[in-house]
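Chain letters run A, B, ... following the sequence lines, proteins first, then strands; residues in each count from 1.
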Amino acid sequence: MNKNIFIGGAWPYANNSLHVGHLAALLPGDVIARYYREHGDNVIYVSGTDSHGTPITVRAKKEGISPEKIAQHYHEEFVKNFKDLDFSFDLYTSTMTQYHEQNVKKYLKKIMDNGFIYKKAEMQDYCPECKTFLSDREIIGVCPHCGGVAKGDQCDDCSATLNASEVLNKRCSICHSPTIQKSNTHLYFALSKFQNKVKELNEQRQGQWRINATSETNKFLDMGLIDRAVTRQLSWGVDVPFEGFEDKKIYVWIEAVLGYLTAGQQVAESRNINFEEFMKKGNVISYYAHGKDNIPFHTVIFPALLMSIDENINLPDYIISCEYVNMNNEKMSKSKGNLISINHLIALFPKDSIRYYMLANGPETKDINFSIDDFVQIHNKFMVGVLGNFVNRNLSYINKKFDGKIPNGKVDENIKNLTTETFDKVGSLIEQGKLRQALDTAMAYVSAGNKYYDDQKPWIQVVEDINGFNNTTYTCVYMMANIANLFGPFIPDTCLKIKEKLNLDKTFTWQPVEIGKNLTVANNNLLFERLQAQQVSEKYQELKKN
RNA sequence: CGCGGGGUGGAGCAGCACGGCAGCUCGCAGGGCUCAUAACCCUGAGGUCAUUGGUUCAAAUCCAAUCCCCGCAACCA
């Protein structure tokens, strides 16, 4: 029976280049998607660029260009990054598309019809000169604590977190005229009504949501869920589909997260399947991959929105929420200059080394420290020494002594059993979202191959026991064929190369495969080159300058 | 007493929800092998598992307190 699998990767915000942290968060989604496809299941795997919101408009104003241009620029960069790293999205879209905007409006109307959105008038800061309501960040004034210059949300001088209402002598940051208080009507989402249902969900998903997701959700529940504004005084975003809100846009938190549905639906339409049916409770297993800063949006807000749209729709089954990638024990940030972008990574390492490193050493349960040296070490040890070497030491011998003709033989029974075992174990770990352990287990299979080779001593067998030699070699090639499937979800490019070397079927299958007789080696190009830490480090310093 | 995460051999980490000889990679010392990209295989040295106290036949693992590091405090996507 084929299963329906829905996988959502968090939508990166189009205000900066992607960095290693994004990669750590999103890569697990791709592995899970590839795994289920190998398995023969129906997978919908989506993500996209989050293109709206205040920071982009602020930046656009500063740089004197349109927000759309900024969003478009980063969107194109993201698309390229994901392509370079072999992400297998069924659809990677953007919140700027017409399809997304139209469908978000449709969902919003539905939530309204179901009675979970209401109007509320509030006093808000207004600039009579610019004739517009101001968001907190667009207000400047005097800090009540230190008397310094403060924005509406934070003091620049003493960096205290502020509430717009406590700031003194408030003025508009654009024209500097004093603000006045004026009543403004916003729409609110009745998040508080979902307190019990979210709590129930959190309890049901114990063991499927990562620990950090469960505890973060508890934190929010303990504080009590409060209603959130749906509309925002902005010019850049999705229009509000109700009368009287023409000057406002839909707040990004609600609009971006609904992208999972709009993108999923778009994929379903292209396949002529009914998305509503696909996503129904009991019909699908869903995974969401993102960083820990995104947890409440995926475990509280998104489920509440789903319930407010349709009570039969599947709620997140697995929350794959990662911790942070730090540099020297500090959070990466642009201002600290310790941010390593995906563009840099791609320039420094082969894509599958990047995938391997981020998965095998990813911040699955706690923050990790990223370092170039560490990366080089892992690459040399596992990509070159274990995996590359196992393939190379066999095939180069066959090329040298047998003109590329792989001897026929019998596969070792122990290895056969190990193969079956490994597929089962790795598969189950991937399904649980435990990618580190899964990859460890898969790599142990290759190590077992190296050990088997050493124990058999084929370089001696070849003169003393040709039958034994044939069996050893044949068994190793059998292992390679299975490695090419076993690692398919993790490092697909390398797996394809292995398949090409041995003229194997290019389709990926999640089960032990037998190999045919009279195989030949098509090529024995090295899978990975050894790297020098110093050279990589120097190259990285160069890149940082540009 | 705002909240959360973490402190395990020289470095980076796993183990901790279901207590039972402290494990992995790198590095270091020694050996094997020569098919392989100084790659591969084996052995060894090195830790009172932050500190203190408690529960227990038994604690890195459970409980309490203390110290140190990091992150977050919701109109920041």
Side-chain angles (χ1 to χ4, degrees), chain A residues 10-16 49-56 95 124 135-137 152-154 161 163-164 186 191 206-207 211-212 214-216 218-220 222-223 225-226 228-234 251-253 255-257 290-297 300-301 323-324 326 328-331 360-361 363-371 373-374 376-378 380-386 388-401 436-437 440 443-444 447 449-462 469 472-473 476 524 526-531:
Chain A
W11 294 47
Y13 193 55
N15 193 30
N16 260 317
T49 303
D50 180 1
S51 311
H52 298 131
T54 319
I56 293 178
T95 55
Q124 201 185 338
S135 68
D136 291 354
R137 296 175 153 223
D153 55 350
Q154 198 182 27
T161 307
N163 200 318
H186 277 283
L191 184 62
Q206 286 269 342
I211 308 267
N212 59 3
T214 304
S215 34
E216 194 74 6
N218 276 329
K219 193 167 121 188
F220 273 73
D222 288 348
M223 286 186 279
L225 301 185
I226 57 174
R228 292 181 64 113
V230 170
T231 49
R232 182 89 161 120
Q233 199 75 44
L234 261 186
Y251 211 147
V252 279
W253 66 262
E255 176 243 309
V257 90
H290 54 262
K292 65 175 160 189
D293 51 339
N294 255 300
I295 288 171
F297 291 94
V300 177
I301 288 169
E323 300 286 323
Y324 284 140
N326 295 329
N328 303 321
N329 279 320
E330 285 184 324
K331 192 180 174 180
N361 304 287
E364 216 162 84
T365 53
K366 67 177 179 190
D367 293 2
I368 61 157
N369 263 312
F370 181 91
S371 86
D373 284 358
D374 200 31
V376 171
Q377 214 176 70
I378 300 281
N380 285 340
K381 169 69 185 171
F382 293 100
M383 298 296 98
V384 179
V386 178
N389 186 231
F390 177 66
V391 174
N392 184 239
R393 67 197 304 204
N394 272 286
L395 299 190
S396 66
Y397 200 66
I398 295 169
N399 269 344
K400 222 183 287 176
K401 302 272 182 179
R436 269 179 94 129
Q437 238 179 303
D440 257 13
M443 205 37 103
S447 283
N450 274 321
K451 177 136 173 54
Y452 171 77
Y453 197 80
D454 277 299
D455 289 347
Q456 296 298 311
K457 301 187 177 39
W459 54 91
I460 292 173
Q461 284 181 314
V462 74
F469 172 84
T472 301
T473 307
C476 286
N524 193 28
L526 290 180
L527 290 173
F528 296 97
E529 305 269 357
R530 176 160 282 270
L531 295 172

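Nucleotide B:G4 has B:C70 as its partner under the Watson-Crick or G-U criteria, with both atom distances under 3.5 Å. Of the nucleotides present, none pairs with B:C16 by Watson-Crick or G-U wobble criteria with both distances under 3.5 Å. Of the nucleotides present, none pairs with B:G27 by Watson-Crick or G-U wobble criteria with both distances under 3.5 Å. Across all strands shown, B:A38 has no partner, as no Watson-Crick or G-U wobble contact with both distances under 3.5 Å is found.
Atom name P, nucleotides B:A58 and B:G10: the rounded distance is 29 Å, in whole Å. The P atoms of B:C18 and B:G12 are separated by 30 Å, rounded to the nearest whole Å. Rounded to whole Å, the separation between the P atoms of B:A22 and B:U37 comes to 41 Å. Nucleotides B:A17 and B:A50 have their P atoms positioned 16 Å apart, rounded to a whole Å. Comparing B:A11 with B:U66, their P atoms sit 28 Å apart, to the nearest whole Å. Using C1' as the reference atom, B:G23 and B:A14 are 7 Å apart when rounded to the nearest Å. Atom name C1', nucleotides B:C3 and B:C21: the rounded distance is 39 Å, in whole Å. Of the P atoms belonging to B:G2 and B:A65, the separation is 14 Å, rounded to the nearest Å.
Among the atoms of the strands shown, base atoms are found under 4.0 Å from some heavy atom of A:N294. Base contact: A:N389 has a heavy atom under 4.0 Å from a base atom. In this structure, A:S396 reaches the sugar-phosphate backbone alone: every heavy-atom distance under 4.0 Å involves primed, P, OP1 or OP2 atoms, never a base. Across all strands, A:V252 comes closer than 4.0 Å only to sugar-phosphate atoms, never to a base (heavy-atom distances). At the heavy-atom level, A:F528 lies under 4.0 Å from base atoms of the strands shown. If you check every strand for non-hydrogen atoms under 4.0 Å, A:K400 touches sugar and phosphate atoms only.
Here the C1' atom of nucleotide B:A74 and the CZ atom of A:F220 are 5 Å apart, to the nearest Å. Rounded to an integer number of Å, the gap from CG of A:D455 to C1' of B:C41 is 8 Å. Between the CG atom of A:N394 and the P atom of B:A36 there is a distance of 11 Å, rounded to whole Å. In this structure, CG of A:L395 is placed 12 Å from P of B:U37, rounded to the nearest angstrom. Counting to the nearest Å, the C1' atom of B:G6 and the CG atom of A:N212 are 13 Å from each other. Between the C1' atom of B:C42 and the CG atom of A:N450 lies a distance of 14 Å, rounded to the nearest Å. The CD atom of A:E216 sits 9 Å away from the P atom of B:G5 (whole-angstrom rounding). Rounding to whole angstrom units, OH of residue A:Y324 and C1' of B:G4 are separated by 12 Å.
Residue A:R530 has a polar side-chain atom (N or O) positioned under 4.0 Å from OP1 or OP2 of B:A39. Put simply, A:K457 has no side-chain N or O that comes within less than 4.0 Å of OP1 or OP2 on B:C41. Note on A:K381: a side-chain N or O is less than 4.0 Å away from OP1 or OP2 of B:C26.
If you check B:A14, B:C75, B:C40 against the side chain of A:R436, the one that comes closest is B:A14.
Going from atom SG of A:C476 over to atom OH of A:Y397 covers 13.0 Å, rounded to the nearest 0.5 Å. Between the CG atom in A:D50 and the CD atom in A:E255 there is a gap of 6.5 Å [rounded to 0.5 Å].
With its glycosidic angle within 90° of 0, B:A17 adopts the syn conformation.
For B:C35, the base is stacked against the aromatic ring of A:W459, per a cut-off of 5.5 Å between centres and 30° between planes.
Around atom CD1 of A:I460, more than 12 heavy atoms belonging to other residues, nucleotides or ligands sit under 6.0 Å away.
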